[in-house]
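The figures that follow rest on heavy atoms only: side chains count, while hydrogens, waters and symmetry mates do not. None of these values were measured; they are calculated from a predicted model. Letters A, B, ... mirror the listed sequences (proteins, then strands); counts begin at 1.
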There are 4 protein chains.
Amino acid sequence: MNSAERVRAAAVKLFAAKGFHGTGIRDLAQEAELSSATLYHYMGTKEDLLVEIMTTALRRLLDAAGKATPEHGDPMVRLRTLVALHVLAHAVQPGETRVVDNEVDALSAPARARVVALRDEYEQRWAQIIEDGVESGAFHTDRPAVTRLALLEMCSGVARWYSPRGPVRLDELATHYAELALRALGHPATVRAEDLRHCMDVVAQVWDLPVQPGN
Amino acid sequence: MNSAERVRAAAVKLFAAKGFHGTGIRDLAQEAELSSATLYHYMGTKEDLLVEIMTTALRRLLDAAGKATPEHGDPMVRLRTLVALHVLAHAVQPGETRVVDNEVDALSAPARARVVALRDEYEQRWAQIIEDGVESGAFHTDRPAVTRLALLEMCSGVARWYSPRGPVRLDELATHYAELALRALGHPATVRAEDLRHCMDVVAQVWDLPVQPGN
Amino acid sequence: MNSAERVRAAAVKLFAAKGFHGTGIRDLAQEAELSSATLYHYMGTKEDLLVEIMTTALRRLLDAAGKATPEHGDPMVRLRTLVALHVLAHAVQPGETRVVDNEVDALSAPARARVVALRDEYEQRWAQIIEDGVESGAFHTDRPAVTRLALLEMCSGVARWYSPRGPVRLDELATHYAELALRALGHPATVRAEDLRHCMDVVAQVWDLPVQPGN
Amino acid sequence: MNSAERVRAAAVKLFAAKGFHGTGIRDLAQEAELSSATLYHYMGTKEDLLVEIMTTALRRLLDAAGKATPEHGDPMVRLRTLVALHVLAHAVQPGETRVVDNEVDALSAPARARVVALRDEYEQRWAQIIEDGVESGAFHTDRPAVTRLALLEMCSGVARWYSPRGPVRLDELATHYAELALRALGHPATVRAEDLRHCMDVVAQVWDLPVQPGN
DNA sequence: AATGAATGAGTCTTCATTCAT
DNA sequence: CATGAATGAAGACTCATTCAT
């Protein structure tokens, strides 16, 4: 890992653990094993670093969502895929996603606008799928917007507690959440690991993970 | 509202909006309409203020949970009550709960230990009810711990988006979430507003809210 | 002299001696006998301090010019008065005027615009008098604009070398420069100290100087 | 223009425009289109660069003064020549002269001593000519030292406003200032462009300018 | 009860300069 | 000849906190 990567990794780790305002430039320097002046060879301002982390994470998520879920088709299939994708993304890069979820308020107005636009674009996918499913009679909920927010929060929460060293494998996690979401939407289907194979492949590709069968 | 209350309210608002580290003593003073020196008549250190806010919020939640849900009895009833309580608490005092959820890392070690102990005590109630429900056959989930965390995150998320000025009334919100939770646990029951009457009374009492029928 | 005044005096002294960029906040603090943090009770930013010094100095000069020289009347009388005023101002507050003359480039664009506007307003007085004198035949110069700039630079230069502890008294200085200027404009008049009495009174009043006869 | 020259030109431009302390090594590098590390192939320290610019400019001025004005002879002729030379030097290399005039305070003590010695040597020429003129009855002033300083400031000021793209040609400028100076010294002579021919030739030679008749 | 004044330690960031490549 | 990488010191400015009044 070179210096630039070390800086970025340090920022993700510390911003996630202590928050943007709780992380000093000296903390970053120490974590990246550089002097605080050298840090500035590899970054603009501290905020630039935050923006870069956030936009990269969100772009990857959007990219993965585009690759994993078709625009049209069975809402149940699309939803379970999107849920699995979201959960896996949060389990696989908990640092980045915690930063995205918690530090939006630390951004200056123009940067915040850009980040929020990306996030809204992503959430629109959820809204569309739920709407389609309700229309087709696959999903049952009398407050689709509330349900969408509830499911999003439920899935994002994974980043706050999941550990790959715990007893739950990634495919189990994804399967479980996909099923929770379908149940919450009043859909009777059961989700099996093989239903999410393509989704896991996309995740492995977008986030440069070694394919680990049974993970 | 007297000075001491204004300080507390300012802290809740700003800690929730900008984070503990993102909020300066001068911000607090301005929000509370006091000089920064005067602030120190009504508080100890900035961290003391944070600790007080967190422990008060958690104690109230525990208190309310004790009053609203019996130790034993039908797990379905207990769960829907606890979910409703949790959701209402987060909707009614979003500032406090966001602080509790987001700023634990800002605490020094000893203070953090105390706060986490309270939070664990509260979460243990969720664990117990889910365990009881699974044992009795009321709930169906093969990963009770995962499900518990998923539901908790889902319900806590309310503090991040709910607004009393939006189209969703509090009783609708509570009912909706209670039903989402039961569905996720594989329970067929439907939840109606009158099922949560007692719970709403407890909330109104514990958080000193005027009882607003139809809210 | 209270703290706020000490800060201002320190800034004038050091900005004049070492330039704005050459003066550190710590230099100011040391000169004002305050800690560098305490400095910020009495000022905004370092640039605010500079702007305040400049605008105050220019406003005083404009004020004095308004009081000492009539809008109309004999150009020779008006010119010798304005020259004397300018020279005295530069001799009496050399720090302020050196800052005004040398540090305009250190200002940010909006602040610079304001300061330059004041300076232009002042220089317009010179232009008007010279124009009037040329028109009336009192002055002779085939490049009034060049002559104006030459005289202004000549007079402003006083701030760079004059010392009240030297052999030249203030009234001698003013008389001498007034005569130099009239000669340069091809006017035969001789200037005597009593011609400048009113002008010196205005200076004493605008800059809060004790009236020192024979100075 | 090679790299070394580009560095020097960048320094003159930026030191003149923003001051020594207001100019960073990175500014110089950008202006010279080099990396900041490469800069150090062509210079010693930043201060060395400043000293070199100052001493070169002053040496040229001294050199030109030696070539243009005889040690003895008619004070009027010598003065008008020296004034013309000074004005032309300041008009032709305004950057260098502004640096010399404004940045002496930025020098360390030993460097300052050397630069000031050169400047004093040059000013001594002015003093000598004025003294000779007063003695011979050609000039009339009761404060020769004050007059000398006034004239020097007047002439040096040219560097602060003259532009070759304006309406005033160099020979006009020189003629005008020479006449202003003579008038200020009470001398009745009129100065014509051809009186300064030799002086302009010397300037063209010392500063490597293409001889542009009518400039 | 309230606050203006004060500050040491801290903030993020830039400085001029060096050096291995 | 050229430069990316590196840094200790310094830059301006803010921090949470205390205390005399």
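Listed here is the closest heavy atom pair of D:Ile25 and D:Leu39: O-CD2, 3.6 Å.
Under the rule for a salt bridge (Lys or Arg N to Asp or Glu O under 4.0 Å), B:Glu33 has no partner lying at least two apart in sequence or in another chain. When the side-chain contact (heavy atoms from CB on, under 4.5 Å) test is applied to A:Ala159, the partners found at least two apart in sequence or on another chain are A:His90, A:Pro94, A:Thr97, A:Arg98. Legend: residues meeting side-chain contact (heavy atoms from CB on, under 4.5 Å) with B:Ala89, ordered by chain and number and at least two apart, are B:Leu61, B:Trp207. In this view, C:Val100 and C:Met54, C:Ala57, C:Leu58 satisfy the side-chain contact (heavy atoms from CB on, under 4.5 Å) rule, not counting sequence neighbours.
Within the structure, side chain to side chain donor-acceptor pair (under 3.5 Å) pairs that include any residue of residues 52-61 of chain B comprise B:Arg8-B:Glu52, B:Glu52-B:Thr56 (at least two apart or interchain). Under the salt bridge (Lys or Arg N to Asp or Glu O under 4.0 Å) criterion, no residue pair touches residues 34-44 of chain D, with sequence neighbours excluded. Among residue pairs with one or both ends in residues 33-56 of chain D, none qualify as ring-ring contact (aromatic ring centres under 6.0 Å, His included); sequence neighbours excluded. For residues 15-31 of chain A, the side chain to side chain donor-acceptor pair (under 3.5 Å) pairs, not counting sequence neighbours, are A:Lys13-A:Glu31, A:Lys18-A:Asp27.
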For DNA chain E, the dot-bracket notation using Watson-Crick and G-U wobble pairs below 3.5 Å, [ ] for pseudoknot-type crossings and | for other-strand pairs, is .||||||||||||||||||||
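Nucleotides of DNA chain E that come within less than 4.0 Å of any heavy atom of chain C span, from the 5' end to the 3' end, E:dA5 to E:dG8.
Remark: B:Gly24, B:Ile25, B:Arg26, B:Ala37, B:Tyr40, B:Thr45, B:Lys46 in residues 24-46 of chain B come within less than 4.0 Å of DNA chain F through at least one heavy atom.
Position along DNA chain F of the nearest nucleotide to C:Phe20 versus B:His21 favours C:Phe20 as the more 5'-ward residue.
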N/O donor to acceptor pairs below 3.5 angstrom from side-chain atoms of residues 106-115 of chain C, sequence neighbours left out:
unit_1: C:Ser108; atom_1: OG; unit_2: C:Glu47; atom_2: OE2; d: 2.9
unit_1: C:Arg112; atom_1: NH1; unit_2: C:Leu107; atom_2: O; d: 2.8

